[in-house]
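Remarks on the structure that follows.
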Amino acid sequence: MAIPAVLAIVPIGVLFILSGLIVNLMQVVSFILLRPISKKLYRNINKVVAELLWLEPIWLIDWWAGIKVELYVDSDTFQLMGKEHALVICNHRSDIDWLVGWLIAQRSGCLGSALAIMKKEVKFLPVIGWSMWFSEYFFLERRWTKDEITLKSGFQQLEDFPMPFWLALFVEGTRFTQAKLMVAQEFAASRGLPIPRNVLLPRTKGFVSSVSQMRSFVPAIYDCTVAVPNNQPPPTLLRIFRGQSSVVKLQIRRHSMQELPETADGIGQWCKDVFVTKDALLEKYFAKGTFSDQKLQNIGRPMKSLIVVLLWSCLLGYGIFKFVPWSSLLSSWKGIAFSATFLVLIVIVMQILIHSSESERSTPLNITPQDQTKERLVQK
């Protein structure tokens, strides 16, 4: 039975915000004290610290809402996941694609070193965005003259990364909606390109830059395709808070970085061809119900996220239990008003996080045959 959203958002929000602020404080301290001395030590510590926060959304998927993620990948690739650097490209099908990526990264042992290329606004999101900044996510401004410099600088920083990392890039530039699909189809028709039916057209500048700059130290590209069954509502953060389950299918194909062409045009065309293949895979799935010829892997449901949430709950619950009588917070109208204001702020912050994840609020697709220069690299 679905849970009224507010009944879940308030207690989960208190847990997430308070624990997140503690994590952010730990990140600030280690950034100031450790990073100038040893970037390697800072990164190793930050991986552990960030996971103390990022395991909470994993708990929401695994234990609260019971989202079922079906992973289709060959056994050799499955064994390599989490043991090598990888550039991850994926269609942006649902509001929680990033959470699905985190879940697979957690299963592979590299949640704390899972990175992504995102739009600049994300780093200002309370708690979660701040933690991403300290974890060296890439944040772009939607202006290629600046973003190209940001990407090159970021790739150089990753050359000495002390543990296997995944760098996620949503090359469509925005999340899939029917309105954006119509714009993409118009553009494809005007340029004589294959007409997409289930994906948007990839914007290849960021991908070309990624491959060109990282092919010397990143051995693989993980080509991911996400699908959600047509007979169920698409998963959203709000549905997850309500405890509503759903199924997400994910196929991963590994490509050696050395297989890709050397030229920028060749790399860009390779990416476009991959998305034509994705479109055909999704078309077959929606028409016939057959998703992948890869092996369905058992990814289990580890206890780690549940343990972390229980530990945070006990720690914060004990702290609140001790603080309230000590401060006489509920013994005066001012204290009661302060408590009520705090809870309202929690709800507001959680609403901001929920709304920022919604497809309807994602970057609009604005590609026209008359003005192709309006194509911008925007990750969300």
Side-chain angles (χ1 to χ4, degrees), residues 1-31 34 44-67 96 99 102-103 105-107 109-114 125-132 134-135 237-245 299-331 335-336 338-354:
M1 180 181 295
I3 301 169
V6 69
L7 295 182
I9 287 174
V10 172
I12 293 175
V14 170
L15 174 69
F16 181 75
I17 299 301
L18 292 182
S19 62
L21 291 174
I22 294 173
V23 166
N24 291 157
L25 179 60
M26 295 168 66
Q27 289 179 307
V28 169
V29 171
S30 60
F31 184 84
L34 297 180
N44 280 299
I45 291 177
N46 184 75
K47 178 183 187 294
V48 177
V49 171
E51 287 188 357
L52 293 176
L53 175 64
W54 296 352
L55 280 166
E56 293 180 40
I58 303 299
W59 168 79
L60 281 174
I61 291 181
D62 273 343
W63 298 94
W64 182 260
I67 302 292
I96 66 162
L99 269 181
W102 273 10
L103 182 140
Q106 188 261 334
R107 301 297 201 267
C110 60
L111 174 60
S113 56
L125 290 175
V127 176
I128 192 76
W130 304 336
S131 71
M132 291 174 175
F134 284 113
S135 299
L237 273 183
L238 190 57
R239 284 180 56 83
I240 290 175
F241 279 119
R242 288 172 174 162
Q244 295 174 311
S245 183
I299 60 173
R301 187 172 65 162
M303 297 285 292
K304 189 174 182 179
S305 63
L306 178 61
I307 292 171
V308 166
V309 168
L310 289 175
L311 289 175
W312 274 123
S313 300
C314 292
L315 177 63
L316 295 174
Y318 178 78
I320 293 171
F321 178 76
K322 288 292 186 179
F323 176 76
V324 170
W326 173 81
S327 63
S328 302
L329 194 62
L330 300 180
S331 62
I336 294 172
F338 174 82
S339 301
T341 302
F342 171 74
L343 293 177
V344 170
L345 288 175
I346 290 291
V347 172
I348 291 173
V349 170
M350 295 304 291
Q351 287 294 329
I352 291 172
L353 296 177
I354 291 170

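The first residue of the sequence shown is numbered 1, and numbering continues consecutively from there.
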- Message: Please evaluate residues Trp64 and Val309 with respect to the criterion side-chain contact (heavy atoms from CB on, under 4.5 Å), reporting the C-alpha separation (whole Å), side-chain torsions for both, the decisive distance (0.1 Å), and the verdict.
- Response: CA-CA 11 Å; Trp64 182 260; Val309 168; over 6 Å; no
- Pairing residues for Asn24 by the side-chain hydrogen bond (donor to acceptor under 3.5 Å, both in side chains) criterion, not counting sequence neighbours: Gln27
- Note on the structure: Those residues at least two apart in sequence (or on a different chain) that pass ring pair (Phe, Tyr, Trp, His ring centres under 6.0 Å) with Phe342 are none
- Query: Does a side-chain heavy-atom distance below 4.5 Å link Leu18 with Ile320?
  - Reply: yes
- Item | Heavy-atom side-chain proximity of Leu21 to Leu25 below 4.5 angstrom | no
- Determine whether Leu310 and Trp59 make a side-chain contact, defined as any pair of heavy atoms from C-beta on separated by less than 4.5 Å. no
- Task: Might you point out which heavy atoms bring Leu53 and Ser19 nearest each other, and give the distance in Å?
- Result: CD1-OG, 4.5 Å
- Item | salt bridge (Lys or Arg N to Asp or Glu O under 4.0 Å) pairs, two or more places apart, involving residues 11-23 | none
- Do Ile22 and Met26 come within less than 4.5 Å of each other through their side chains, counting heavy atoms only? yes
- Message: Using 0.5 Å steps for rounding, measure from the CG atom of Leu311 to the CG atom of Leu316.
- Response: 10.5 Å
- Message: Ignoring hydrogens, what is the shortest heavy-atom contact between Gly13 and Ile346? Give both atom names and the distance.
- Response: C-CG2, 3.6 Å
- Message: Is the shortest side-chain heavy-atom distance between Ile128 and Phe16 below 4.5 Å?
- Response: yes
- Item | Side-chain donor or acceptor of Trp312 paired with backbone N/O of Leu52 under 3.5 Å | yes
- To the nearest 0.5 Å, atom CD1 of Ile9 lies from atom CZ of Arg242 at 8.0 Å
- Query: Partners of Trp102 by ring pair (Phe, Tyr, Trp, His ring centres under 6.0 Å), sequence neighbours excluded?
  - Reply: Trp54, Trp98
- Task: Tell me, please, which residues at least two apart from Arg239 pass salt bridge (charged side-chain N to carboxylate O under 4.0 Å, His left out).
- Result: none
- Message: Run the side-chain hydrogen bond (donor to acceptor under 3.5 Å, both in side chains) test against Ser135 and tell me which residues pass, sequence neighbours left out.
- Response: Asn46
- Task: Determine whether the side chains of Gln106 and Ser305 contain a donor N or O and an acceptor N or O closer than 3.5 Å.
- Result: no
- Evaluate the side-chain proximity of Met350 to Ile17: yes if any heavy-atom separation is below 4.5 Å, no if none is. yes
- Query: Heavy-atom distance under 4.5 Å between the side chains of Ile354 and Phe241, does that happen here?
  - Reply: yes
- What's the spacing between Leu103 CG and Ile67 CD1 if we round to 0.5 Å? 10.0 Å
- Message: Do Tyr318 and Cys314 make a side-chain contact, defined as non-hydrogen atoms from C-beta onward lying under 4.5 Å apart?
- Response: no
- Arg107 and Asp62: salt bridge (charged side-chain N to carboxylate O under 4.0 Å, His left out), yes or no, with the steps? CA-CA 12 Å; Arg107 301 297 201 267; Asp62 273 343; 3.0 Å; yes
- Spacing of CG belonging to Leu60 relative to CD1 belonging to Ile12, to within rounding of 0.5 Å: 5.0 Å
- Task: Heavy atoms only: give me the nearest Gly112-Glu51 pair and the separation to one decimal.
- Result: N-OE2, 2.8 Å
- Nearest heavy-atom approach of Leu353 to Leu237 is O-CD1, 4.0 Å
- Item | side-chain contact (heavy atoms from CB on, under 4.5 Å) between Val28 and Phe134, intermediate numbers included | CA-CA 8 Å; Val28 169; Phe134 284 113; 3.4 Å; yes
